[in-house]
Amino acid sequence: MTVQSDPHSATSLDVASRDTKGTSRTTGALVRKIRTGAPVVPFLVYVILVLGVPTGTIVAFAFRSNTGRFTWSNIHTILGTTAQTLEFRTGFENSLKLAVVTAVIPGVLGTIIAYAISTSEHPAFKRITAATSGVLAQFGGVNLAFMFIATLAATNGLVTKWLAAIGLDPWNHGFDLYKFWGVAFVYMYFQIPLMVLIITPAFAGLRPAWREAAEGLGASRWRFWRHVGIPVLTPAILGSMFLLFGSGFSAYATAEALTGGTISITPIQIGSILQGNVIAGEQNIAYALAFAMIVILLVSVVIYVLLRRRTSRWLL
Amino acid sequence: MASLELGAEIADPSQIDAPYGAEAPLNKPQRRFRWGRGAILIVTAAYFVVPFYAGMEYSLQRPTGGFSLTPLSQIASAPGFASALWLSTQLAVITMVVVMALMVPTVIYVHLRLPRFRRVMEVITILPIIIPPIAYSVGVLESAPQWLRNSQYLLAIVYVILAMPYVYRSLDAGLGALDVKTLVEASRSLGSSWLMTIWRVLVPNLRAALMSASVLTLALVFGEFTIANVDNWQTIPVWIYLAPTDNPRINTLVAMIALLATAVVLILIVSLDRSQSRNSRRSA
């Protein structure tokens, strides 16, 4: 494994020199390497068994037919090439749409809020808002869904009642908490704080010297942002949005608890296959769906990392 | 930061170079933005506070009006709650013991002897965050042997993986703040064994890191819904979702308590980290 092919690990070990007695030089080196690597073996074995094997299973079975041969048919199925399998295609489309909406809107709002916070002159206020966003970014799942049902459920939700009292009942204006936009609205409760949390350091990195230089050269506030601020921040903002995309794309608990599993997005579809609410023989589809989700997530994380590398050229 | 500097400049007009005539045009947008900022922050605060209030009101309001704390006393007797709490507690304890036994010696050893392995650990421990829990549960449920598949403890085994990212980061930061090498050499040269060194020297020094790691693990196990739900085990979050209580307000109340507990736990960890970094600065 990685440990044994690592030349430095052996040289950094001083104690092991006594093992070389009586053995040939190469065997001694090998024994040393194994000895050095041995203490991390339990960790590696655990990770391989409980993380590696399940992930490998997903990848392998996504391309396996019921008879155990290699096949593309599972992938074709989830891409919705036939009328019967159209639901999976719709699922992906909805999931991607939900992820994009809950990345872009909270991304923009979070950036504005982070800027408003970063211009504050009270360090205590900054500390409190940072801690609060850290807490709120973790508020996903069942609990959040129940909180929003109490807030925006038809007729009985608190805010629904408030708005109805002034003649603006959202449910009479096309809003449905248990459909796409309702779910998106609830996701924003953890996506906005997540954005604030990851974009705030970028604002701290905007050097005062740049603004002073721009002002010294006669630039207006708008021109400073147009030519310096926004171009420098763009990779950071885009990168963070990809992270939000991943978070919105993989969320399951909130949508399941809010809609009772009725919204057709990919995580919910996987969940219902796993719980056996499907026709027999669809098991392979769960692998293919899970595989596709992992691929999409990996792509968005890679883009995030690349954009962050680009960000660090200007912002530290 | 930038506008902090700007504000200071305006407060002291003598610092502004008169020829640029910067004073007037700078002053105005600054003031206008103040209003904008206030409005943004108030709307934001409302979006985050109102649902919280709604949840509390819904679960604690009496039908006749006014608030009452009696729903709190009804939680314990709600059908299924006690067994869900017991299951979640068991899972939390097992997960914590296993993840600590696995990670503490490994991370310490890697810090001391295999620094090049840190990159590998970092990549491995980021994976559970990247892989969507629902996709991961597909792999787990299909690859686990049947006897394990039928056991609720499969969840604890899986939660160890989910907790690894948080535990690794806490420990890594905690060890980074210590002079591990000197501590270990001192302890070893005085004749203590490796296990003794870890237990009597390193663990006490890592108390804050271990605290935040275990509290995060606890929060994770008590909040995990996805895998428990698709594996059909009624842990606390699954109970909140599925419990057929005669009073749905009880479920919302438990959900609100869970949110409050999460907040308290996270604030605790932030303050632990702060005191830890303060200590390390003092010793430096």
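Note that these values count all heavy atoms, side chains included, but never hydrogens, waters or copies made by symmetry. Here is the naming used below: chain letters follow the sequence lines, and residue numbers restart at 1 for every chain.
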Highest number of heavy-atom pairs under 4.5 Å with chain B: which of [options]?
options                       : value
A:V59, A:I270, A:I149, A:N143 : A:N143
A:S247, A:G260, A:A253        : A:A253
A:A131, A:P267, A:P39         : A:P39
A:V159, A:L136, A:T55, A:T132 : A:L136

Smallest separation among heavy atoms of [X] and [Y], with atom names:
X      : Y      : result
B:A135 : A:I58  : O-CD1, 3.2 Å
B:A54  : A:T151 : CB-OG1, 3.4 Å
B:Y109 : A:T36  : OH-O, 2.6 Å

Report which part of [X] has an atom under 4.5 Å of a heavy atom belonging to chain B: side chain, backbone, both, or neither.
X      : result
A:I113 : both
A:V301 : side chain
A:F125 : side chain
A:V47  : both

- Message: Just to be sure I understand the criterion: a residue of residues 158-165 of chain B counts if one of its heavy atoms is under 4.5 Å from a heavy atom of chain A. Which ones qualify?
- Response: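 If one takes a 4.5 Å heavy-atom cut-off, the residues of residues 158-165 of chain B near chain A are B:V158, B:V160, B:I161, B:M164.
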
- Residues in ring pair (Phe, Tyr, Trp, His ring centres under 6.0 Å) with B:Y241, at least two apart? B:F225

[Y] and [X], any side-chain heavy atoms less than 4.5 Å apart:
X     : Y      : answer
A:Y46 : B:V99  : no
A:P42 : B:T106 : no
A:L51 : B:Y136 : yes

- Message: Looking at B:R37 and A:T119, would you say the former's side chain and the latter's main chain have a donor-acceptor pair under 3.5 Å?
- Response: yes

- Are any side-chain N or O atoms of A:Q138 and backbone N or O atoms of B:L259, one a donor and one an acceptor, separated by less than 3.5 Å?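 The answer is no, because no donor-acceptor pair under 3.5 Å joins these two groups.
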
Mind ranking [options] by heavy-atom pairs under 4.5 Å with chain A and telling me who comes out on top?
options                       : value
B:D231, B:T226, B:V110        : B:T226
B:I129, B:I124, B:T262, B:V43 : B:I124
B:N229, B:V98, B:V254, B:I257 : B:N229
B:L141, B:V50, B:I157         : B:I157
B:T44, B:V138, B:L266         : B:V138

Atom pair [atom1]/[atom2] of [X] and [Y] - distance to nearest 0.5 Å:
X      : Y      : atom1 : atom2 : result
B:Y168 : A:F43  : OH    : CZ    : 8.5 Å
B:I131 : A:S250 : CD1   : OG    : 11.0 Å
A:I117 : B:L41  : CD1   : CG    : 6.0 Å
B:M56  : A:L158 : CE    : CG    : 13.0 Å
A:L274 : B:I134 : CG    : CD1   : 6.0 Å
A:Y252 : B:S137 : OH    : OG    : 8.0 Å

- Query: Using non-hydrogen atoms only, which part of B:E142 is less than 4.5 Å away from chain A: side chain, backbone, both, or neither?
  - Reply: both

- Item | Atom group of B:P51 that falls short of 4.5 Å from chain A, counting heavy atoms | both

- Query: Hey, mind stepping through A:N156 and B:Y58 against side chain to side chain donor-acceptor pair (under 3.5 Å) and telling me if it holds?
  - Reply: CA-CA 9 Å; A:N156 278 326; B:Y58 175 74; over 6 Å; no

- Message: Checking an interface table here. Which of residues 290-297 of chain A come within a heavy-atom distance under 4.5 Å of chain B?
- Response: A:A290, A:M293, A:I294, A:L297

- Note on the structure: Applying side chain to side chain contact (heavy atoms under 4.5 Å, CB included) to A:T57 and not counting sequence neighbours gives A:V53, A:F61, A:Y287, B:S143

- Going by the angle between their ring planes, with limits at 30° and 60°, are A:Y189 and B:Y47 parallel, tilted or perpendicular? tilted

- Query: Would the number of heavy atoms belonging to other residues, nucleotides or ligands and lying under 6.0 Å from CZ of A:F242 be above 12?
  - Reply: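 No, not enclosed.
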
